[in-house]
Each structure stands twice: as C-alpha cells, then as structure tokens.
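Presented below is the structure to which this report refers.
The basis for the numbers below is simple: all heavy atoms, side chains too, and nothing from hydrogens, waters or symmetry mates. Every value quoted in this text rests on a predicted model; they were computed, and no experiment measured them.
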Amino acid sequence: MISTLSGGQRKRASIAVELISDPVLFFLDEPTSGLDPETEKSLMDQLKALATQRGKTVIMVTHTLQNAHLFDKIIFLAPGTPQYPGGKLAYYGSYTGALEYFGVQNLNDAFAVISKNPIMYVNRFLQTGGAAK
C-alpha cells in the first residue's frame, strides 16, 4: 500500500504512475527533494534516458543541481524585486554556458551570484538573450 511507503518511495511511485500513461511532456516539481544521493542520481539518469532514448520532454523545477550537467537546457529565475516583482528570467541555456554566464565553478553558486544583484542578471538576460560573455 502506498500509505506504508517512505516519502522518497511515494515520490518514485507517483512518478511511476504518471509514466504509465506514456506522456510526451512530463512536468516534475522537485522530484529529487528528500532523496539520498544514489537514488537522486538514479532518478536523474532515468529521466535523462526518457528524454534522449524515448523522445520525451522532461521539464523540472529543482534546487538540487548536483546532476544539472544531465540537463539539455537550464533556466534560472532571479528572485522578485520591486522593479521586477515575481521571478524573472535571468538565464536560459546550457549547463556549461551557465557556469560561464555566472562566472562560477559550481552551478549551486549561481544562486548566490543572482541573489546579490538580481536586477543586473535580469537586465543582462534581456540585453544578451542569456548568452555568456
């Protein structure tokens, strides 16, 4: 019974139930939160395989970026400000492009970089279309 499963097991069961319908487009909200690193890597590898081997589009919201190198495209939203209420697009592109764009070695550090000056990154994106300089 689902009610007897742990949180991580429930999350995987929920994803499995959605996959039964063989969707072309698959939206996930924080699918790896609460998972141990091994299970997270396994799930991310499986989602990557869905996209590359089965032609599915997987769109995911996550704050866990250890496996972000598996993503084809990454979107970073800047936190809302009085000038830009709500989140605004600060970057769209590849993993390696994001490292260059934010001037970081580790993509987790991009959160801190954007938070220090969100307006700059929103304006930079608007001016460059997210292209790294």
Side-chain angles (χ1 to χ4, degrees):
M1 301 234 352
I2 297 290
S3 63
T4 64
L5 299 177
S6 71
Q9 290 170 325
R10 285 183 195 179
K11 185 171 294 210
R12 292 191 304 277
S14 175
I15 290 170
V17 166
E18 294 300 323
L19 289 174
I20 289 171
S21 68
D22 197 28
V24 175
L25 180 60
F26 197 46
F27 287 96
L28 298 160
D29 183 19
E30 297 286 351
T32 60
S33 66
L35 299 180
D36 65 85
E38 182 180 358
T39 304
E40 177 191 344
K41 176 75 167 90
S42 174
L43 176 60
M44 295 299 288
D45 286 340
Q46 290 171 13
L47 293 171
K48 178 68 174 184
L50 274 175
T52 58
Q53 297 169 12
R54 300 203 36 221
K56 308 296 181 182
T57 299
V58 179
I59 298 174
M60 170 185 328
V61 173
T62 187
H63 294 90
T64 308
L65 299 173
Q66 291 89 314
N67 294 299
H69 62 281
L70 297 172
F71 302 158
D72 292 326
K73 298 290 183 213
I74 296 172
I75 293 174
F76 268 93
L77 296 178
T81 66
Q83 183 178 354
Y84 296 114
K88 294 292 182 189
L89 199 54
Y91 176 79
Y92 169 78
S94 70
Y95 173 83
T96 55
L99 294 173
E100 182 180 340
Y101 185 77
F102 294 113
V104 296
Q105 297 286 325
N106 179 324
L107 208 49
N108 285 319
D109 295 336
F111 286 110
V113 169
I114 295 170
S115 293
K116 287 179 185 171
N117 197 341
I119 292 173
M120 180 189 84
Y121 282 99
V122 170
N123 288 335
R124 182 176 178 193
F125 178 81
L126 292 171
Q127 292 170 357
T128 66
K133 291 188 175 190

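Cluster membership for Leu43 and Val61, using ILVMFWY side-chain heavy atoms within less than 4.5 angstrom, is not shared. Using a 4.5 Å cut-off between side-chain heavy atoms of Ile, Leu, Val, Met, Phe, Trp and Tyr, with links allowed through other members, Ile59 and Ile75 fall into different hydrophobic clusters.
Partner of Phe76 under the side-chain contact (heavy atoms from CB on, under 4.5 Å) criterion, out of Tyr121, Phe111, Phe125, Tyr92: Phe111 alone.
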Step by step, would you call Glu100 with Thr96 a side-chain hydrogen bond (donor to acceptor under 3.5 Å, both in side chains)?
CA-CA 6 Å; Glu100 182 180 340; Thr96 55; over 6 Å; no

Check against side chain to side chain contact (heavy atoms under 4.5 Å, CB included), Leu28 and Leu47
CA-CA 10 Å; Leu28 298 160; Leu47 293 171; 3.6 Å; yes

Does the side chain to side chain contact (heavy atoms under 4.5 Å, CB included) test come out yes or no for Leu107 and Phe71, once each step is laid out?
CA-CA 12 Å; Leu107 208 49; Phe71 302 158; over 6 Å; no

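Counting only residues at least two apart or in different chains, salt bridge (charged side-chain N to carboxylate O under 4.0 Å, His left out) contacts with residues 2-29 comprise Asp22-Arg54, Asp22-Lys56. Pairs engaging residues 70-84 under the salt bridge (charged side-chain N to carboxylate O under 4.0 Å, His left out) rule: Lys48-Asp72 [sequence neighbours left out].
Separation of atoms OG1 (Thr39) and CD (Gln9) is listed at 9.0 Å; rounding is to 0.5 Å. Atom CD1 of Ile15 sits about 5.5 Å away from atom CZ of Phe26, to the nearest 0.5 Å. Separation of atoms CG (Leu70) and CE (Met60) is listed at 9.0 Å; rounding is to 0.5 Å. Thr128 contributes atom OG1, which lies 10.5 Å from atom CG of Asn123 (distance to the nearest 0.5 angstrom). To the nearest 0.5 Å, atoms CD (Glu30) and CG (Leu35) are separated by 10.5 Å. Leu25 CG to Thr57 OG1: the interatomic distance, rounded to the nearest 0.5 Å, is 6.0 Å.
Contact check for Phe102 versus Ile114: side-chain heavy atoms found under the 4.5 Å cut-off. Between Asn67 and Thr32 the shortest side-chain heavy-atom distance does not fall below 4.5 Å. Proximity of Leu126 to Val122: side-chain heavy atoms (C-beta onward) are separated by under 4.5 Å at one or more points. Under the 4.5 Å side-chain criterion, counting only non-hydrogen atoms from C-beta, Ser33 is not in contact with Thr64.
Shown here for Ala13 and Leu5, the closest heavy-atom pair between the two residues is CB-CD1, 4.2 Å. When all heavy atoms are compared, the tightest approach of Ser115 to Pro118 is O-CD, 3.5 Å.
Ring geometry for His69 versus Tyr95: interplanar angle over 60°, hence perpendicular rather than tilted (30 to 60°).
One N or O on the side chain of Tyr91 and one on the backbone of Ser94 form a donor-acceptor pair closer than 3.5 Å.
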